[in-house]
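These notes concern the structure reproduced below.
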Amino acid sequence: MAKRSYDLLFKLLLIGDSGVGKTCILFRFSDDAFNTTFISTIGIDFKIKTIELKGKKIKLQIWDTAGQERFHTITTSYYRGAMGIMLVYDITQPKSFDNIAKWLRNIEEHANEDVEKMLLGNKCDMEDRRAISRERGEDIARQHGIRFLETSAKANINVERAFYELSEAILDKGPNKDKIPEAQPLPKPRSELSKCCN
Amino acid sequence: MSANGVLPSRVEQLKSRELLVEERMHLRQKEYVNIQSFHFFLATWNVNGQSPSATESLEPWLTACTPETPTFYVIGFQELDLDKRAYVIETSLREQEWQRTLEAALRKKAAYKLVRVIRLVGMMLLVYVLEKHAGHVKNVAAAHVGTGIMGWMGNKGGVGIRLEFHGSELCFVSAHFAAHTEEVERRNEDFRNICERMVFNQLQFPKRIKDHDIIMWLGDFNYRIFQLSRPEVQQLISEDRLADLVLYDQLQREMSQQKVFHGFREGRIRFRPTYKYDVGTDRWDSSEKSRVPSWCDRILWKAKDGEEVRQVVYGSAMELRLSDHKPVIGIFDVGVKVVDKSRQKKVYENVLKEIDREENLFIPQATIDCNDFDLGELTFVQQVTRTLTVANNGQVPVVFEFIAKPHSTSYCQEWLKITPQRSFLSQGDVCYVELQVYVDKRTVAGLTSGATTLDDILVLHLDGGKDFFITLHGQYRPSCFGIPLETLAAMPTAVRAPPPAITEQTLISFDNSPTTPSTTSLPVDPHRTPAHIPVEVWMMLRHLYAVSSDIPDLFLQPGPPDEVEKIRDHLDGRLPLPLPGSGHSVAEALLLYFDSLPDPLVPYRLYHECLDAGANWSACRFVLEKFPKAHRETFKAFIVLLRKLQRHWDQHPSSDVGTLEVIADLVLKLPVELSKALSGMGQVGKGVARQAISRKKTAFLQQFLINRLDDEPIIPAELTSPATVVTTFPVTFD
């Protein structure tokens with residue numbers, strides 16, 4: 001048995017249009033389950049999951065964000081401090097694919113400079129309703145130099161792999177003081193969100 | 001964030017999780033270990049201070065009695081060194097002599113590795129392991145406890161070695177208890193003492209003897225045969241009736257009464273008493289002390305529930321004669337927990353998953369009953385209240401708090417009040433949060449102009465947990481309050497049609513109305529209002545001019561609640577006079593209107609000029625000419641009203657106290673940048689500056705009250721004839 005249970009703590013973030021399946025991806029990964037009823041995430045939530053990578057125990061704190069347009073100015077304030085961001089689109093919804101550029105701009109503006117990014121084309125089990133080919137997904141990922149996977153939270157395709165690959169990319173970047181557990185409170189999503197009285 | 005301080009730091013959290021993982025793994029050990037039996041050879045000998053004999057081989061004792069190759073040899077000695085110097089000298093020649101001799105004997109059997117040796121004066125314990133198994137021995141530690149002279153010296157006591165072999169924790173203690181037949185209680189005490197005082201401190205978490213899976217004691221415990229004479233004992237031995245003799249053994253007696261070695265087991269004794277012999281022989285002690293033969297030298301063990309220990313041999317080696325004791329041996333098959341790596345990995349992954357699940361479960365959780373509030377349509381000074389229910393449906397207490405959004409200094413818009421803004425919820429508790437929407441003089445101008453809307457997104461944060469976004473949206477229904485003077489003066493129609501319930505009635509009965517009954521917007525004739533004065537302001541001035549002369553504390557005392565709302569509706573519908581409500585309320589509404597203006601009655605840009613003109617009438621007149629028309633005409637009409645009121649104040653001087661100052665403060669409003677400068681000053685300086693400014697403001701108004709302009713408007717002294725007015729609003733005249 002390993003002497004230490006946790007070597008590192010990574011903060012990951014799921015972003016993308018409303019309804020692409022961010023919450024389902026997280027639910028599949030953390031609870032290995034799937035729920036077909038759609039409940040829009042109105043806010044920010046997170047889950048904990050421990051994985052083992054290259055002999056290291058890594059505690060992932062995965063933040064799930066509201067995708068709705070009207071919340072964008074608020075949700076972008078949670079980007080800071082994220083070490084990895086998963087940008088999700090829905091292969092059956094062209095609009096969600098078209099918005100990738102906008103989401104990438106958001107990352108550029110609000111996330112840490114060295115954040116690891118990954119593009120996920122979710123709902124790949126719905127071949128009959130596919131609107132975005134895998135090639136188009138690969139192309140746009142290549143253009144922006146980011147990792148790409150097609151996933152299905154429902155059919156449990158590539159979900160675990162996506163989190164492991166993103167975590168490995170963060171791990172491979174070498175020592176980074178953010179990743180080493182240090183005497184710091186658990187990361188909070190926002191430093192700019194502060195309490196204030198009317 | 002404030003509550004972060006309460007949370008343990010990241011390191012502490014991870015460390016506590018680590019311990020949790022270890023504990024869970026330990027609890028589930030059965031799922032990933034196999035019990036595998038290993039041969040353990042235990043031996044003890046009181047050598048009476050002798051060096052190893054050059055002629056006498058140790059083979060009969062250590063190697064000849066078993067065809068097997070034991071995995072472990074655990075060998076204890078007592079009275080290794082009777083030299084008194086051994087009490088104080090750390091090294092002992094005897095130790096090395098005996099160790100060498102032992103190792104020479106073991107080497108004949110197989111390749112053994114010394115795990116650990118410990119010696120306290122004459123007591124020595126050595127543990128050897130077969131070399132090929134050495135890699136599975138971990139966390140070895142040794143300790144000693146002296147119970148001899150003065151209760152702590154090392155002539156009596158115990159030495160212990162503990163180790164982990166595969167997944168089992170083993171502890172061996174070699175002891176030498178107090179001598180003499182009558183000292184039974186002392187011996188029991190020695191046992192308790194060693195148990196209490198022996199601590200293996202070298203480990204990360206110190207352990208005691210009792211903390212082990214398997215505990216084995218060996219040594220000269222010195223318990224004797226009692227109640228029998230020496231001839232009787234010798235008789236029983238010679239008849240080979242050892243089972244009968246054991247009944248007189250002090251140790252077995254004490255153990256049956258649970259006075260010592262509680263929970264320990266001993267194999268059946270089938271060997272002759274090991275003490276006391278004439279050295280070099282197998283003859284019983286022939287000295288004048290003539291000791292009664294006894295089983296001083298013993299081996300006992302104790303295993304935790306489920307551990308497997310089976311004794312194969314329990315005997316003594318009569319062939320060794322250099323001491324007055326015979327050595328004793330115990331051979332055991334010990335079931336050791338051997339870890340199955342692949343099963344261990346599975347359990348480990350399971351444990352991590354389980355802890356993740358629990359940690360997720362213990363994240364503060366709550367539900368809210370609504371995240372989208374429709375406030376409906378609301379207008380100036382109309383209060384709308386919505387209730388948000390926050391319920392703690394999680395496993396831990398929750399602290400929730402409304403926090404500011406990015407680029408925002410406040411957690412909600414100015415027209416909203418949230419009670420409570422922060423609260424604590426026990427598990428299962430519910431909190432009703434009041435969201436009060438109220439458009440007042442601070443926010444009305446912005447909403448009127450469209451610069452702001454009745455929209456907001458609240459961020460409700462759970463300490464250490466999620467954030468909810470709560471959306472509020474409503475429509476602001478404009479009122480005359482908050483509309484700039486020029487705009488309002490230029491409006492040909494009422495801000496709002498009168499409420500349907502009273503429309504028809506009021507229109508039909510309206511006095512001198514030029515409008516047709518089908519038009520609902522103009523119940524008051526704007527042509528009768530002087531140019532550039534808003535109809536609504538004129539209505540209030542007229543009302544006050546007609547009714548107010550004998551109302552005390554006008555402009556100082558507010559009217560009954562809700563009346564301002566009725567006046568607002570009346571004004572917004574431009575309904576016929578009189579206005580509903582008391583004179584106090586109408587005066588309040590008039591001041592409220594002035595106070596809600598985006599640019600006050602005296603425009604901000606002319607503020608300083610007015611203050612400077614105060615003492616000089618022509619300067620005052622000059623600056624008035626610079627007022628925008630609507631401001632100027634309204635100002636003049638207001639002065640006419642004030643002059644009438646002033647005559648009243650002259651009769652009742654007490655009413656006058658402060659009234660003009662209050663009015664002056666609202667009419668001549670401090671520009672924003674100046675009020676900031678004031679707030680930067682100290683308390684005393686602020687007070688002095690305020691007083692000076694207040695004097696200048698009232699001086700400016702006084703100029704207009706004392707002197708008279710040629711073109712002042714004439715306010716009718718009478719309201720519309722009461723007989724012709726039918727109104728559904730209650731009208732009160734104070």
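Here is how names work: the chains are called A, B, and so on, in the same order as the sequence lines, proteins then strands, and each is numbered from 1.
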How close do A:F46 and B:G464 get, counting heavy atoms only, and between which atoms?
CZ-O, 3.5 Å
For a 4.5 angstrom cut-off between non-hydrogen side-chain atoms, does B:I355 reach A:T50?
no
Would you call B:L352 and A:K57 a side-chain contact if the rule is heavy atoms closer than 4.5 Å?
yes
Can you confirm whether [X] is buried at [atom1], in the sense that more than 12 heavy atoms of other residues, nucleotides or ligands lie under 6.0 Å from that atom?
X      : atom1 : value
A:R70  : CZ    : yes
B:R357 : CZ    : no
A:K102 : NZ    : yes
A:E108 : CD    : no

Value rounded to 0.5 Å, distance of [atom1] in [X] from [atom2] in [Y]:
X      : Y      : atom1 : atom2 : value
B:I363 : A:K47  : CD1   : NZ    : 7.0 Å
B:D356 : A:I51  : CG    : CD1   : 10.5 Å
A:I42  : B:K466 : CD1   : NZ    : 11.0 Å
A:T41  : B:N371 : OG1   : CG    : 10.5 Å

A:E52 vs B:Y348, test: side chain to side chain contact (heavy atoms under 4.5 Å, CB included). Steps then yes/no.
CA-CA 11 Å; A:E52 212 171 327; B:Y348 183 64; 3.8 Å; yes
Please answer whether the main-chain N or O of A:I48 pairs with a side-chain N or O of B:N360 as donor and acceptor at a distance below 3.5 Å.
yes
